[in-house]
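Atoms within each ligand, like the ligands themselves, are counted from 1 in listed order. Treat the numbers as computed from the prediction; the structure is a model and nothing was measured.
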Amino acid sequence: MSKDRYWRAISIDSISPDYFPSVALYLRSGGNYVLYKDPDRMFTAVDFQRLERSFTEFLYVRSGDMDVLSEFMENSLTELLARDDLSSVAKGRILYQTSVNYVIDLFESPETTDNLPRCRNLVQHILQYVAKEPLAMESLQTVTNNNFYIFAHAVQVAALSLLLHEKLFDLANDEMIDVGIGSLIHDYGMIFISGEILDKNDALSDIEYYKVKQHTQKGYEFLKRSGNYSEVVLNIVRYHHERYDGNGYPTGIKGDDIPRSGQVAAICDVYSALIMDRAHRKANTHADAIKIMREEAKNGAFNPEIFNQFVEIISKRNSA
Ligand SMILES: [Fe+2]
């Protein structure tokens, strides 16, 4: 990955002038990172207004400063999301950014033991947010350009999966949390794929594609061995690339042999991939993404009932 991996984006809405931790903040300017304030200087309301006037949505911190900042962000989420003076879109931006930074941490330090409680906390917030906020999907799209695809995609799939489960099925809260955790870490197995393959802009060779496909089974085996994850979580990690007609991977099971959470994750995974910018193509619009997916659905790729309801729910959100 590029030098961008040393930097993490922070939405300026989430910087509270009074009690933001003392870390250096940077502006991104023409691909470079320029010091905006050093650690000792307070971030003030004047800073906020100045940045807002120049339409700056994000400041950046060095990844080495992220421990202190993540802790601060995750602990203050409840308070930030309850504030009346922040718009729905601003809240979405904060939640999304915090979650993306969490997924980056998770992928970069998989051995960290406090990951699961953090994950639970974030999923709970995402769940509440997507259930209540009509503009949730819009704010998801606004942040995707500011991070690496794989992490932003993880959060998007989690939000979409939670929204769909919330609308369609009557699950207990614990199971919803597991759906969220599984969706957030569905591509966890990518940590076993070499950076060379992941960063490649050109089409993958057959061998490379074969290796990428292994992320499902490898992620599943690794997480299962850790003993910390429920069956719902493991099913999503393992089966999110299966197809309803049996043409998916890693096992090729079909129809309702694919666990329901895996069927939902497959739909959300494809949609999210289509509406985000990738190295080799620009993002599709919502309408184009649905058109492409309808073709795939016609050929049997998705559970038709879940797919139709997905289209209905997501289209409503996009026109809200
Ligand atoms: Fe995947």
Does Gly182 offer a backbone N or O that forms a donor-acceptor pair with the side chain of His186 under 3.5 Å?
no

Answer yes or no for His186: is there an N/O/S atom below the 2.8 Å cut-off from the Fe ion (ligand 1)?
no

To 10 degrees, how wide is the angle NE2 (His215) to the Fe ion (ligand 1) to NE2 (His240)?
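About 100°, to the nearest ten degrees.
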
Check Leu95, Asn101, Ile94 against Thr98 for a side chain to side chain contact (heavy atoms under 4.5 Å, CB included) and give me the one that passes.
Ile94

Answer yes or no: does atom OH of Tyr209 have more than 12 heavy-atom neighbours from other residues, nucleotides or ligands under 6.0 Å?
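Counting other residues, nucleotides and ligands, OH of Tyr209 stays at 12 neighbours or fewer.
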
Can you label the angle between the Phe307 ring and the Phe302 ring as parallel, tilted or perpendicular, going by 30° and 60°?
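If you compare the ring of Phe307 with that of Phe302, the planes turn out parallel.
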
For the Fe ion (ligand 1), which N, O or S atom of His241 is at the shortest distance?
NE2

Asp187 atom (N/O/S) at minimal separation from the Fe ion (ligand 1):
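Answer by atom name: OD1.
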
